[in-house]
Undergrad: 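This is the structure I have questions about; it appears just below.
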Amino acid sequence: MTTHDITLTVNGTAHDLTVESRTLLVHALRDDLGHTGTNVGCETSMCGACTVLVDDEAVKSCTLLAVACDGSEVQTVESLVDGGELHPLQEAFAQEHGLQCGFCTPGMLMTSLDLLAHDSDPSREEIREALEGNLCRCTGYQNIVNAVESAAQTMRAATDGGDRGGD
Ligand code: FES
Ligand code: FES
């Protein structure tokens with residue numbers, strides 16, 4: 001069994017770990033580092049439940065070998081809560097009933113985070129396109145789109161308020 005010593009920075013903390021050649025990023029995150037907020041569903045790149053950000057890009061962590069991520073910055077759903085405060089996306093998913101069983105939610109949140117980092121005011125169509133690789137068996141998607149739209153509004157308002165405050 002070939003192993004590799006790698007470093008992953010997860011949610012701002014650097015971790016040295018030893019992984020097998022075949023270890024998937026999602027398993028390194030969950031099993032080696034205890035970040036179980038990232039769900040693992042299909043393991044075939046279909047469902048999006050395992051989505052995290054790697055070097056600021058949303059990726060399905062079941063499609064990446066951990067060894068290929070050596071030296072990368074990874075952001076998981078656990079990073080969204082800040083000092084006990086939910087992220088606006090989390091608030092919006094709760095308010096707009098964007099989840100039921102919650103299995104898809106970590107991936108939905110991280111894909112949405114990536115979308116809003118690149119486009120602060122996406123159309124409903126753009127939200128649907130961004131989330132097309134994330135499957136939800138419960139909600140019918142409408143409330144998820146509502147939630148992302150609502151979070152985008154909240155985040156824009158916060159940015160505008162911050163800009164005014166800095167004047
Ligand atoms: S578990 Fe990765 S896409 Fe389904
Ligand atoms: S809330 Fe159950 S799969 Fe999406």
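Predicted model, so just to flag it, every value in this text is computed and none were measured. In listed order, ligands and their atoms are each counted from 1.
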Undergrad: Can you see whether Q142 engages H97 through a side-chain donor-acceptor pair at a distance of less than 3.5 angstrom?
TA: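 Not at all, the side chains of Q142 and H97 share no donor-acceptor pair under 3.5 Å.
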Undergrad: At what distance is the nearest protein heavy atom to atom 1 (S) of ligand 2, and which residue and atom is it?
TA: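 Sorting protein heavy atoms by distance from atom 1 (S) of ligand 2 puts Q100 N, 3.2 Å first.
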Undergrad: If you define the side chain from C-beta out and look only at heavy atoms, does anything of L115 sit under 4.5 Å from P122?
TA: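 Heavy-atom side-chain distance check passes, below 4.5 Å.
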Undergrad: Quick one: angle C47 SG - atom 4 (Fe) of ligand 1 - C42 SG, to the nearest 10°?
TA: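 If I round to 10°, I get 110°.
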Undergrad: For R137, counting its heavy atoms only, list the atoms of ligand 2 lying under 4.0 Å from any of them.
TA: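 Matching atoms, with element in brackets: 3 (S).
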Undergrad: Roughly how far, to the nearest 0.5 Å, is the OG1 atom of T139 from the CZ atom of R137?
TA: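 Separation between the atoms: 12.5 Å.
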Undergrad: Give the atoms of ligand 1, by number and element, whose distance to some non-hydrogen atom of G41 is under 4.0 Å.
TA: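 The atoms of ligand 1 under 4.0 Å from a heavy atom of G41 are 1 (S).
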Undergrad: State the atoms of ligand 1, each with its element, that fall below the 4.0 Å cut-off from a heavy-atom position in G48.
TA: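 Counting atoms of ligand 1 from 1, those under 4.0 Å from G48 are 3 (S), 4 (Fe).
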Undergrad: Please list, in number order, the atoms of ligand 1 under 4.0 Å from a heavy atom of C50.
TA: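 Reading through ligand 1 atom by atom, the close ones are 1 (S), 2 (Fe), 3 (S).
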Undergrad: Are T105 and Q90 packed together at the side-chain level, in the sense that at least one heavy-atom pair is separated by less than 4.5 angstrom?
TA: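 Counting from C-beta outward, T105 and Q90 never come under 4.5 Å.
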Undergrad: Numbering the atoms of ligand 1 from 1, which are under 4.0 Å from a heavy atom of E43?
TA: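 Reading through ligand 1 atom by atom, the close ones are 1 (S), 4 (Fe).
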Undergrad: Return yes when at least one N/O/S atom of C101 is nearer than 2.8 Å to atom 2 (Fe) of ligand 2, and no when none is.
TA: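 Yes, since at least one N, O or S atom of C101 sits under 2.8 Å from atom 2 (Fe) of ligand 2.
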Undergrad: Against heavy atoms of G102, which atoms of ligand 2 measure under 4.0 Å?
TA: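 Matching atoms, with element in brackets: 1 (S), 2 (Fe).
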Undergrad: Output the list of atoms in ligand 2 that are nearer than 4.0 Å to some heavy atom of C136, sorted by atom number.
TA: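 With C136 as reference, the close atoms of ligand 2 come out as 1 (S), 3 (S), 4 (Fe).
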Undergrad: Which atoms of ligand 1 have any heavy atom of M46 under 4.0 Å away?
TA: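 Reading through ligand 1 atom by atom, the close ones are 3 (S).
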Undergrad: Can you check whether L80 reaches V77 side chain to side chain, under 4.5 Å on heavy atoms?
TA: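 Yes, at least one pair of side-chain atoms sits under 4.5 Å.
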Undergrad: Could you walk me through whether H15 and V10 satisfy the side chain to side chain contact (heavy atoms under 4.5 Å, CB included) test, starting with their C-alpha distance in whole Å, then the side-chain angles of each, then the deciding distance to 0.1 Å, before giving a yes or no?
TA: CA-CA 7 Å; H15 300 275; V10 183; 4.1 Å; yes
Undergrad: Report the distance from atom OG of S72 to atom CG of L8, rounding to the nearest 0.5 Å.
TA: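 One finds 7.0 Å between OG of S72 and CG of L8.
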Undergrad: Out of all atoms in ligand 2, which are within 4.0 Å of some heavy atom of C138? Include the element for each.
TA: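 Counting from 1, the qualifying ligand atoms are 1 (S), 2 (Fe), 3 (S).
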Undergrad: Quick one: which ligand 1 atoms are inside 4.0 Å of a heavy atom on S45?
TA: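 Matching atoms, with element in brackets: 3 (S).
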Undergrad: Is the closest side-chain heavy-atom distance between L109 and F93 below 4.5 Å?
TA: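 Result yes, sub-4.5 Å side-chain heavy-atom pair found.
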Undergrad: Taking C-beta and beyond as the side chain, do N146 and R124 meet within less than 4.5 Å on heavy atoms?
TA: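 The answer is yes; the side chains approach within 4.5 Å.
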